[in-house]
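Report on the structure given below.
Keep in mind that this is a model prediction, so the values were computed, not measured. FYI, side chains are in, hydrogens and waters are out, and symmetry mates aren't considered; it's all heavy atoms of this structure. Order of listing sets the numbers, starting from 1, for every ligand and every atom in it.
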Amino acid sequence: MDLDHWLGAAADAIADWQRTFGAYDAHPSVAVSDERLGAALAELTSRLTDNYPFFHPAYAGQMMKPPHPAAVVGYLAAMLINPNNHALDGGPATATMEKEVVGRLADMFGLRTHLGHLTTSGTIANLEALYVARELHPGLGIAYSSEAHYTHARMCAVLGIDGTPVGADAAGRLDLDELDALLATGRVGTVVATAGTTGLGAVDPVHRVLEIARRHGVRVHVDAAYGGFYALLAGQDGLDPAPWGAIAGCDSVVVDPHKHGLQPYGCGAVLLADPDVGRFYLHDSPYTYFTPGDLHLGEISLECSRAGAAAAALWLTFQVLPPTPGGLGQLLAASRRAARGWADLLQESARLSLYQPPELDIVCYFPAGRAMSAIDAASARILSDGMTSGAAYLSTLRVSAAALGRRHPGIDADQTDARILRSVLMKPEHEAFVPELHARVERLAG
Ligand SMILES: *Cc1c(COP(=O)(O)O)cnc(C)c1O
């Protein structure tokens, strides 16, 4: 894939279309000399070198990687027109593409009916799901695991909802007994299950959560912002299909195409199982054009302006790497093999310990030490030495003494929590690089 070629082809095709409207003179106020733009661009690209190499497999820190070339080309082509998916007249072509990609996401989760749209982020997508939760059960609270993304507690505060964290089990999954007891109080209207936690990549047992919630007449929202595309691998290579299969029976789900969907930032998605909740979005805008009958995207989104280019980028990506086990699933399978491969090496290591077996593609580990304080200090040092030398770009995760002690009894809890190391292996290239990465981190730990 020659990116130069495809970027040129996209720009040419849009210019051809623009010419069909006839020639006109650009205003002199927008003219800039090539010399001036060239100099400014040189400064920009130089400043952009102040970055971590997110593209490289030695970068094994946060959930970051560049978008697929297809997404870049799709985004650029549409961006040259700059449609706004707020309203149908803001960009009919990209509005239709948005419906198509959202339909594919709904199919991926097995939803029989849905009302959904893209958002600028998983944060906004979750906010919308919690907003609908509040409208359906006014006065009732929302429960989420203590391992859930912090956005749930924060958005409950924004929405004026009572949010209650529920403890996690020894594998970092929502504790079902605690949930059952909380729901029995009748104070909760919706439970958030996380299919792939941001810290550990743990998958809450969505099927069990759903069973318990339904028994209490409670709704279920699934936050699959990070893990959602792993639904493509349900039942493969030991990935328990039950939580993924249960998403089809839940009330709403969120997934971030800008995490595992190869997209640039600005692409989350929310899907609500009951299309009737569209009534909570009704607004009376004097500006936007409404097509009677079919609810259009501007009528089912809390955000107004949204990049049509984000829909085009995801659409073009899905044309070449569809959200199927044989398409995008192949990339995710490689990431998961990378995580399990590294876990095997960590289990043999004298210098590093595996925190818990990885379920998806996040591996957490820590330098050998007798006390929490030593583990914390060594983790911080490895993080910093790895980045300074360029040997490995990792991230850290703060864990409590109780959580660490549960998995690794015998460590002296001389402080309440400690940083351990965390790596998201979300690039398929990580699979081949794992032995090298492991050797580098072992050297850093030595
Ligand atoms: C990343 C993430 C979010 C927040 O999504 P953004 O796209 O960063 O706003 C919410 N929940 C989970 C589980 C996540 O991993």
Side-chain angles (χ1 to χ4, degrees), residues 54 61-67 71 101-102 105 109 116-133 142-159 163 165-166 168 171-174 190-206 209 220-231 243-244 247 250 252-271 301-303 306-307 310-311 313-314 332 335-336 339 358-364 395-398 422-426:
F54 306 120
Q62 310 286 2
M63 294 171 184
M64 297 190 65
K65 61 178 177 183
V101 293
V102 168
L105 294 173
F109 292 121
H117 59 89
L118 299 180
T119 60
T120 49
S121 67
T123 302
I124 298 297
N126 276 303
L127 168 69
E128 293 206 10
L130 300 193
Y131 163 72
V132 169
I142 289 179
Y144 40 79
S145 147
S146 56
E147 295 278 328
H149 197 282
Y150 68 83
T151 192
H152 297 289
R154 190 146 79 174
M155 289 310 170
C156 280
V158 168
L159 291 164
V166 177
R173 298 177 295 222
L174 192 130
T190 298
V191 185
V192 177
T194 305
T197 59
T198 315
L200 296 170
V203 182
D204 284 346
V206 181
V209 170
V220 179
H221 166 60
V222 181
D223 181 0
Y226 149 69
F229 284 100
Y230 275 103
W244 306 100
I247 295 175
C250 294
S252 52
V253 57
V254 157
V255 61
D256 263 353
H258 68 204
K259 283 183 179 148
H260 271 121
L262 307 171
Q263 299 307 295
Y265 285 114
C267 196
V270 59
L271 302 165
S301 168
L302 289 184
E303 291 177 274
R306 287 177 310 115
L314 187 55
L332 292 156
S335 281
R336 209 163 152 259
E359 237 176 312
L360 301 178
D361 57 19
I362 300 178
V363 186
C364 293
S395 68
T396 54
L397 176 72
R398 195 171 287 281
R422 166 177 170 270
S423 286
V424 184
L425 303 181
M426 73 187 317

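The two residues G163 and C156 come nearest to each other via the heavy atoms CA-SG, 3.9 Å. Scanning both residues, K65 and M426, for their nearest heavy atoms gives NZ-O, 2.9 Å. Scanning both residues, L200 and G172, for their nearest heavy atoms gives CD1-CA, 4.3 Å.
The Y226 neighbourhood of ligand 1 comprises atoms 15 (O), with distances under 4.0 Å to a heavy atom of that residue. Short contacts between ligand 1 and K259, defined as distances under 4.0 Å to a heavy atom of the residue, involve ligand atoms 1 (C), 2 (C), 3 (C), 4 (C), 5 (O), 14 (C), 15 (O). Heavy-atom proximity to N126, at under 4.0 Å, picks out these atoms of ligand 1: 10 (C), 11 (N). Here is the list of ligand 1 atoms found below 4.0 Å of a heavy atom in S121: 7 (O), 9 (O). Atoms of ligand 1 found under 4.0 Å from any heavy atom of A225, numbered from 1 in the order shown, are 2 (C), 3 (C), 10 (C), 11 (N), 12 (C), 14 (C). Which parts of ligand 1 touch D223 is read off a 4.0 Å heavy-atom cut-off, strictly below it: atoms 10 (C), 11 (N), 12 (C), 13 (C). Interface of G122 with ligand 1, defined as ligand atoms under 4.0 Å from a residue heavy atom, comprises 5 (O), 6 (P), 7 (O), 9 (O).
In terms of polar-atom proximity, defined here as any N/O pair under 3.5 Å, T198 does make such a contact with ligand 1.
Closest heavy-atom approach to atom 5 (O) of ligand 1 among the candidates V255, D256, T194: D256.
Atom CZ of R398 is surrounded by more than 12 heavy atoms from other residues, nucleotides or ligands within 6.0 Å.
Residue contacts with ligand 1: H258 is included, with a non-hydrogen atom under 4.0 Å away.
With H258 contributing its side chain and Y265 its backbone, the two residues share no donor-acceptor pair below 3.5 Å. The backbone N or O of R422 sits less than 3.5 Å from a side-chain atom of S395, completing a donor-acceptor pair.
Using a 4.5 Å heavy-atom threshold, the side chains of T190 and L130 count as separate.
If you check which protein heavy atom lies closest to atom 9 (O) of ligand 1, you get T123 OG1, 2.4 Å.
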Note to self: Please determine whether side chain to side chain contact (heavy atoms under 4.5 Å, CB included) holds for the pair H117 and V270, giving the CA-CA distance in whole Å, both sets of side-chain angles, and the decisive distance to 0.1 Å.
What the structure shows: CA-CA 6 Å; H117 59 89; V270 59; 3.6 Å; yes
